[in-house]
> 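Quick one: structure below, then a few questions.
Residue numbering restarts at 1 for every chain, and letters A, B, ... go by the order of the sequence lines. Only this structure's heavy atoms are used, side chains among them; waters, hydrogens and symmetry mates stay out.
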Amino acid sequence: MTFKILLEEIYLNIQKIIDELDLPQISFVVEPTKLNFGDVTCNVSFLLAKHLKKKPYEVAKIISEKYQPYLGKLIKKVDAHQSGYINFFANYSQLNTIILKASVKDDYGFLDLGKKSRIVIEHTSVNPNKALHIGHVRNIVLGDTVARILRQTNFDVKVLNYIDDSGLQVADIIVGFKYGGFSENPPPGQKFDQYCGDVVYVKTTEKYSSNPDLEETRKKVLQSLEDEKSDIAKFAEKITKKVLSDQLKTCWKLSASYDCLNFESQIIRSGLWKQVFEKMKEMKLTHLEKEGKNANCWVIKGEKNEEDKVLVRSNGTATYIAKDIPYAAWKLGLLPDPFYYTHYATQENGKILWQTTLDKSTESKQDFTADKVLTIIDSRQSRLQKIITNLMSKFKSDEKAYVHLGYESVTLSSTTAKTLGIDTQGKTTQMSGRKGLYVNADSIIDLLEKKTFEETKKRNPELDEKILQQIAHDVAIGTIRYEMIKQDLDKIITFDLSKSMSLEGDTAPYIQYTHARASRILEKAGFVPNFGVSFELLDNEFEIALIKQIGKFDLQIVDAANNFSPKVIARYCYTLAVTFNAFYEHVKVLDDKNKSLINERLCLVSSFKSTIHNALGLLGILSPNMM
RNA sequence: GGGCCUGUAGCUCAGCUUGGACAGAGUGUUGGACUUCUAAUCCAUUGGUCGAGGGAUCGAAGCCCUCCGGGCCCGCCA
C-alpha cells in the first residue's frame with residue numbers, strides 16, 4: 001500500500017464523477033505533483049474543458065466540488081487550482097504508517113506485472129577473441145539491469161549469452177596462433193583474453209594489408225571452423241573457451257549473471273538454418289533473384305528504398321544474417337530444440353550457468369525459449385535487427401514477440417584517446433578492437449577499486465584490509481554500473497578516464513553513502529526501532545518528503561519495467577538519496593529528548609535504508625554499511 | 001542518395017511516450033557550513049532566444065512540416 005494505491009483510488013473516484021455527471025469519456029492522468037501543489041494532481045479539467053467549452057479552472061471547481069464526499073482516510077483535501085489542475089492533499093497521519101510499514105516488508109517493490117510469464121533476454125554476446133572493453137560493459141550492465149527489473153516484476157527471466165565462436169574475428173586469432181607464430185601462452189601476468197585481443201588480434205589483422213596470402217588463409221580457417229571434425233575447429237574451440245572463461249570473470253565481477261551460453265558453431269551444425277530457410281521459402285519471405293547485382297542469390301526484399309539483403313550467396317553459402325535468423329527463431333521456440341545442456345558453472349549468486357551442446361549422451365534437456373524475446377545489441381546493428389524483428393513478427397504473428405533493445409555506443413573522449421596514443425584533434429572517437437583503440441574493462445575496474453580503497457581507508461583507517469577491499473569493490477562496481485545506466489539508451493556515452501573516476505555528485509558512491517549514513521544512525525541508536533506505533537510525530541517537511549519518496553518506489557518500478565528503462569530506477573535512487581541527505585542535515589535523529597520521536601525517526605531511517613538497498617539492488621549495486 | 005538516433009545552462013544530462021502551474025539536476029564559477037548521527041555531505045551564488053523557422057491549439061521544450069548542425073548504419077565481411 002503506497003503512493004500507487006493513492007493514485008488508483010483518486011483515478012477511480014474521478015471516473016465515477018465523470019460517469020455521474022455524464023461527461024465524455026477521456027483518458028486523463030493522475031500523477032504525483034512535481035511542484036509544491038499538494039501530493040497528487042490530475043489533468044482531467046484541461047481535457048474536459050475542450051469538450052465542455054469551459055475554462056479548465058471552471059471544470060476543476062466542478063469536479064473538486066463533486067469529490068468532497070470521497071475525501072476521507074487517505075486524502076484530506078482537494079483543491080481546484082487557478083491553473084486548472086486539481087490538486088489532492090494526502091493525509092500523512094495515515095499515509096506515514098502505511099508507507100513505513102509496507103516499506104520494510106520483504107516484498108516491498110515486488111510487483112506482479114509479468115504473472116510468471118517467460119521472457120528471454122540476450123545480452124553481452126562478445127566475440128570470444130578479446131577482453132571486454134568499456135563499450136561491452138554498457139551492454140552487460142544494461143542487460144543485467146533489465147533482467148533484474150523484470151524479475152522484480154514477476155517475469156520468469158532467462159538470460160542468454162551468445163558466443164560467436166565461428167566468425168571472422170575468431171578466425172583472425174586462429175590465423176595468428178597457427179600461421180602468425182604467436183605463442184599459445186600469454187606473457188606472465190597478462191590475462192589470456194587480453195593477450196588475444198591486445199596482441200594476437202591487433203598484430204594479425206595488421207598483417208593482412210601487406211600479406212594477401214594470409215587473407216586467403218583466413219578464408220580457409222573460417223570455412224574449417226564450421227566443420228566440427230577439423231583440427232582447426234577443435235583448436236578454435238579450445239582457444240575460444242579459454243577467452244570466454246576470462247571474459248566471464250569480468251562479467252561476474254560486474255555482478256552480471258546468465259542462464260545459458262549459446263554457441264554459434266553449434267547453431268550452424270544443428271541444421272536449424274535449413275528448417276528456417278524452408279519455412280521462409282514457404283511463406284515467401286525470401287526469393288531467388290534471377291538477375292541484377294544479386295543474381296542467383298536468395299534475398300530478403302528491402303522495405304521502401306532500402307537495399308535487399310542477401311541471405312544465401314550465389315555459391316550457395318549462407319551469409320552472417322542467416323546465422324542470426326535461426327537463433328532468433330530458436331529463442332522464440334519456433335523450432336524443435338536440437339540442443340542438450342551441460343553445467344558450465346555455478347555462479348556467485350548460486351544460479352547455475354548452462355551451456356548448449358549437440359552431444360546426445362549428455363545429461364539434460366532444458367528450456368530457454370519464450371514467447372517474448374529481448375535482444376540487447378547496440379544500435380549500429382539496428383538495420384539487421386529490424387529485418388530479424390520483421391521476420392519473427394511474421395513467424396509468430398505477434399508484432400512484439402521479438403524486441404531489439406538498442407542503445408548508442410560508448411565513444412572515447414579526445415583526452416582519453418590521447419592517453420592511448422591517438423591524436424583525434426579534439427574530437428571524440430569510436431573504439432576499435434582491430435586498432436587496439438579501447439579502454440579495457442578490467443583495467444578501469446582496477447583503477448576504480450584502487451581509488452575507492454584509498455578513499456575508504458582515509459575515512460576508516462581502523463578497518464581491516466579485507467573489509468576495506470570489499471567496500472572498495474562494491475563502490476567501484478557501483479560507480480561503473482551507475483555511469484552506464486544513468487543516461488538514456490539513445491545517448492552516446494563519451495568515456496573519459498579522469499571524469500569516470502569522479503565519486504561525487506550524481507554518482508553511485510553518493511547514493512551508497514546515504515545508505516552508510518543510515519546504517520550508522522541505526523547502529524548508534526543501540527536498539528531496534530519499534531514499528532508498532534502511529535507515526536503521527538513525523539510531520540516536518542524533511543520527514544514528510546522522505547516518506548513520500550519512499551512511497552513512490554513501486555511507481556518507478558512499473559515505469560522502468562514497462563519501458564525497459566533502467567535509467568528510471570537510477571534517477572529514483574538519486575532523488576531518494578538527495579531527499580535523505582536533506583533529512584540527515586536538518587533532522588538530528590539521536591539528539592532529541594522525546595523517546596517516541598526518536599523511535600519514529602529511527603523507523604523512518606530504517607525504512608529508507610531498506611528502500612535504497614532494494615532500489616540499488618535493482619541496478620545490481622550493493623550498499624555497504626560503512627564507507 | 002536512403003534509413004536510424006541526436007541538438008535544453010560553459011560542460012554532461014533529466015523533462016518529450018500522456019501538451020498545461022515559475023524549464024530541473026550534476027559538474028564548473030564564487031562564497032559559506034565539520035568540538036555534532038561519517039564533509040564521498042549540506043547551504044547559497046552564478047548560469048538557458050529549450051538548434052532555426054513555420055503550422056495546428058486557449059496554451060508547445062514536448063505534437064505536425066521545412067531547414068540547419070552532430071553521430072551511426074546501408075558488402076555475395078562477420
Side-chain angles (χ1 to χ4, degrees), chain A residues 27-29 31 33-37 41 43 45-47 49-50 55-56 81-85 87 127 164 166-172 222 264 289 293-299 302-307 309-315 317-321 323-324 378-384 386 406 408-409 411 427-428 430 452 455-456 458-460 475 486-494 496 499 502-514 516-525 562-563 567 571 574-575 578 581-582 584-591 601 605 626-627:
Chain A
S27 64
F28 59 93
V29 175
E31 56 191 355
T33 30
K34 290 166 200 140
L35 305 160
N36 258 340
F37 295 104
T41 191
N43 68 345
S45 25
F46 293 108
L47 304 165
K50 278 184 193 158
K55 285 187 176 162
H81 190 266
Q82 286 270 329
S83 60
Y85 280 105
N87 296 322
N127 284 318
D164 181 0
S166 52
L168 202 64
Q169 296 203 13
V170 166
D172 285 329
L222 192 60
E264 181 177 272
E289 200 75 13
K293 63 172 186 168
N294 292 333
N296 299 319
C297 296
W298 286 88
V299 302
E303 288 184 347
K304 292 179 210 159
N305 300 322
E306 286 176 3
E307 294 276 314
K309 187 75 207 163
V310 172
L311 267 185
V312 178
R313 303 181 185 97
S314 52
N315 68 5
T317 58
T319 60
Y320 166 71
I321 192 168
K323 296 176 184 174
D324 271 2
D378 82 73
S379 45
R380 284 174 296 197
Q381 296 212 39
S382 292
R383 203 186 196 95
L384 283 167
K386 194 176 151 201
E408 284 293 335
S409 49
T411 62
K427 288 186 184 164
T428 61
Q430 292 275 329
T452 50
E455 293 289 328
T456 313
K458 214 162 47 185
R459 292 166 175 79
N460 304 279
V475 176
K486 76 172 177 188
Q487 13 195 347
D488 216 340
L489 303 187
D490 47 27
K491 289 284 196 317
I492 292 169
I493 293 179
T494 302
D496 183 88
K499 282 184 185 154
S502 166
L503 309 175
E504 288 162 16
D506 185 6
T507 64
Y510 173 95
I511 301 163
Q512 290 169 310
Y513 187 64
T514 60
R517 281 180 148 182
S519 301
R520 178 55 66 92
I521 295 176
L522 292 165
E523 184 194 316
K524 287 228 165 160
N562 286 340
N563 298 305
K567 155 196 88 170
R571 300 202 67 78
Y574 179 68
T575 311
V578 167
N581 270 332
Y584 184 91
E585 198 70 22
H586 295 98
V587 181
K588 298 294 168 205
V589 176
L590 301 176
D591 270 3
R601 283 178 174 162
V605 172
M626 282 184 281
M627 278 177 71

> Could you work out, with salt bridge (charged side-chain N to carboxylate O under 4.0 Å, His left out) as the rule, every residue matching A:R383, not counting sequence neighbours?
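Listed in chain order: nothing, the list is empty.
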
> Regarding A:Q430, tell me which of base, sugar-phosphate or nothing describes its non-hydrogen contacts under 4.0 Å with the strands shown.
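Touches sugar-phosphate only.
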
> What's the CG-C1' distance between A:N563 and B:C16, to the nearest Å?
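Those two atoms, CG and C1', are 13 Å apart.
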
> Distance check, P atoms only: B:C43 and B:C50, in whole angstrom units.
29 Å

> As a test of the definition: with a 90° window around 0 for syn, would you call B:C34 syn or anti?
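What B:C34 shows is a syn base, its glycosidic angle lying within 90° of 0.
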
> With sequence neighbours excluded, what pairs up with A:Y574 under the ring pair (Phe, Tyr, Trp, His ring centres under 6.0 Å) test?
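Per chain and number, A:Y574 pairs via ring pair (Phe, Tyr, Trp, His ring centres under 6.0 Å) with A:Y510.
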
> Does A:K386 have any side chain to side chain donor-acceptor pair (under 3.5 Å) partners at least two apart in sequence or in another chain, and if so, which?
A:E306

> Closest to the A:T319 side chain: B:A21, B:A25, B:C76?
B:C76

> Touch check for A:K323, heavy atoms < 4.0 angstrom, all strands: base, sugar-phosphate only, or nothing?
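Sugar-phosphate, no base atom in range.
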
> Between A:F46 and A:Y85, is the gap from one ring center to the other below 6.0 Å?
yes

> Between A:P56 and A:S83, what is the shortest heavy-atom contact and its length?
CB-O, 4.4 Å

> Taking CD1 from A:I511 and C1' from B:G26, how many angstroms apart are they, rounded to a whole number?
12 Å

> Could you work out, with salt bridge (charged side-chain N to carboxylate O under 4.0 Å, His left out) as the rule, every residue matching A:E523, not counting sequence neighbours?
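By the salt bridge (charged side-chain N to carboxylate O under 4.0 Å, His left out) rule, A:E523 matches A:R520.
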
> Please produce a list of atom pairs where a protein N or O lies less than 3.5 Å from an N or O of nucleotides 29-38 of chain B.
| unit_1 | atom_1 | unit_2 | atom_2 | d |
| --- | --- | --- | --- | --- |
| B:C37 | N3 | A:V589 | N | 3.2 |
| B:C37 | N4 | A:Y584 | O | 2.3 |
| B:C37 | N4 | A:V587 | O | 2.5 |
| B:U38 | OP2 | A:R520 | NH1 | 3.2 |
| B:U38 | O2' | A:Y513 | OH | 2.5 |
| B:U38 | N3 | A:M627 | O | 2.7 |
| B:U38 | O4 | A:M627 | N | 2.6 |
| B:U38 | O4 | A:M627 | O | 3.1 |

> Where along nucleotides 8-15 of chain B does protein come under 4.0 Å, by heavy atom, of base (B) or sugar-phosphate alone (S), with - for untouched nucleotides?
-----SSS

> What does the 5'-to-3' dot-bracket notation of RNA chain B look like when only Watson-Crick and G-U wobble pairs under 3.5 Å count, and pairs to other strands show as |?
(((((((..((((......[...))))(.((((.......)))).)....(((((..]....))))))))))))....

> Which part of the nucleic acid, if any, lies within reach of A:Y85 when heavy atoms closer than 4.0 Å are counted: base, sugar-phosphate only, or nothing?
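Answer is base: heavy atoms of A:Y85 come under 4.0 Å of a base.
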
> Check this for me: does the side-chain of A:S314 come within 3.5 Å of the base of B:C76 through a donor and an acceptor?
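Yes, a donor-acceptor pair under 3.5 Å.
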
> Return the 5'-most residue of the pair A:G167, A:S409 with respect to RNA chain B, ranking by each residue's nearest nucleotide.
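Closest to the 5' end, via its nearest nucleotide, is A:S409.
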
> Using the ring pair (Phe, Tyr, Trp, His ring centres under 6.0 Å) criterion, which residues pair with A:Y513? Sequence neighbours excluded.
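A:Y513: no ring pair (Phe, Tyr, Trp, His ring centres under 6.0 Å) contacts found.
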
> Which pairs, protein N/O on one side and nucleotides 57-60 of chain B N/O on the other, fall under 3.5 Å?
| unit_1 | atom_1 | unit_2 | atom_2 | d |
| --- | --- | --- | --- | --- |
| B:G59 | O6 | A:K50 | NZ | 3.1 |

> Nearest 0.5 angstrom please: A:K567 NZ to A:D488 CG, how far?
3.5 Å

> Side chains of A:Q169 and A:N127: donor-acceptor distance under 3.5 Å anywhere?
yes

> Check side chain to side chain donor-acceptor pair (under 3.5 Å) between A:S166 and all other residues, then give those that pass, not counting sequence neighbours.
A:E264

> Under 4.0 angstrom, heavy atoms only, what part of the nucleic acid is A:A508 near: base, sugar-phosphate, or nothing?
nothing

> What does A:T41 touch in the nucleic acid at a heavy-atom separation under 4.0 angstrom: a base, only the sugar-phosphate, or nothing?
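Contact class for A:T41: base.
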
> Any side-chain donor paired with an acceptor under 3.5 Å for A:Q512 and A:R517?
no

> Please enumerate all residues that pass salt bridge (charged side-chain N to carboxylate O under 4.0 Å, His left out) together with A:K34, with sequence neighbours excluded.
none

> Determine whether any donor atom in the side chain of A:T456 lies under 3.5 Å from an acceptor atom in the base of B:A40, or the reverse, and answer yes or no.
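Answer is yes: a donor-acceptor pair is held.
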
> What residues, two or more places apart in sequence or in another chain, satisfy side-chain contact (heavy atoms from CB on, under 4.5 Å) together with A:D591?
A:K588

> With sugar-phosphate meaning primed atoms plus P, OP1 and OP2, does A:R383 contact a base, only sugar-phosphate, or nothing at under 4.0 Å between heavy atoms?
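The answer is base, as A:R383 lies within the cut-off (heavy atoms under 4.0 Å) of a base atom.
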
> Have A:S409 and A:D378 got a donor and an acceptor in their side chains that come within less than 3.5 Å?
no

> Measure CG/A:L384 against P/B:C74 and give the value in whole Å, please.
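Nearest whole value for this atom pair: 8 Å.
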
